[in-house]
There are 2 protein chains.
Amino acid sequence: MSLKVPILKLYDCLIVSIQWELDDQMAMMFQEDLLSKLYETEAKGIVLDLTFVDFMDSYIAKVIGDAINMATLMGAKVVMTGLQPSVAITLVELGIHLNSVSTALNLEKGLEQLQKELGV
Amino acid sequence: MSLKVPILKLYDCLIVSIQWELDDQMAMMFQEDLLSKLYETEAKGIVLDLTFVDFMDSYIAKVIGDAINMATLMGAKVVMTGLQPSVAITLVELGIHLNSVSTALNLEKGLEQLQKELGV
């Protein structure tokens, strides 16, 4: 059984909700999947929902930060939603700068914001 | 690590995308999760996306069929999307009747249809 983070396509966006703790292998697979799905579907934006992530170690944080930067390079807008305080702390303390990324409180607001940014 | 089928809440709907083969235990957990999330979030509808399911054994089909009927009893409208021929065959051959369920080709169309049915 391959355990992948599910990536949903809705309108022009990809929706990714990480609902369990990722191990290193899953995180790398997620990065690859996200980028190839972005290429395949020609989506214009990504909503990355982290509502259910309450802990993120430095490796996972780096892989996810990289994935976001890569997706941005590929031309997608990224909105992160539902960051818990501990995750925000990890990201900032590790010096992972996500300048190109907007954030929103929850999935709905994130999708709205993304569509506004994309001018839909 | 608990392997759950992720359930996303978007607007008044729950979106569930099954992207890997479920085993018996995961299917039962999915049934419970779906119903309790439905109760918690007071969602009015469910889009169940089976695009990535290419095989379904009789037990899983029954559990999913039951989950749909239970959700309908709880007052939710259910739309199934992306059924592959083999899955449709299994459901019909097993005599799992999903009269209350509409279907749509893909997630986007399913969500549109659900919102139309809910009169949003």
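Naming: A, B, ... by sequence-line order, numbering from 1 per chain. Computed from a prediction, not measured in an experiment: that's the story for all the values here. Computed over heavy atoms, backbone and side chain alike; hydrogens, waters and symmetry mates excluded.
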Quiz item: Do you know which two heavy atoms are closest between B:Cys13 and B:Leu114, and how far apart they sit?
Solution: SG-CD2, 3.5 Å
Quiz item: Can you tell me how far the CG atom of A:Leu8 sits from the CG atom of A:Leu10, to the nearest 0.5 Å?
Solution: 7.5 Å
Self-check item: A:Met80 side chain near A:Leu91 side chain, heavy-atom distance below 4.5 Å
Solution: yes
Exercise. Quick one: list whatever passes salt bridge (Lys or Arg N to Asp or Glu O under 4.0 Å) with B:Lys9, sequence neighbours left out.
Key: A:Glu108
Quiz item: Is there a donor-acceptor contact under 3.5 Å from the side chain of A:Gln19 to the main chain of B:Ile7?
Solution: yes
Quiz item: What are the two closest non-hydrogen atoms of B:Ile68 and B:Thr72, and how far apart are they?
Solution: O-OG1, 2.7 Å
Quiz prompt | chain A-proximal positions within residues 30-67 of chain B [heavy-atom distance under 4.5 Å] | solution = B:Lys37, B:Phe52
Quiz prompt | Region of B:Ile18 in contact with chain A, defined by heavy-atom distances below 4.5 Å | solution = neither
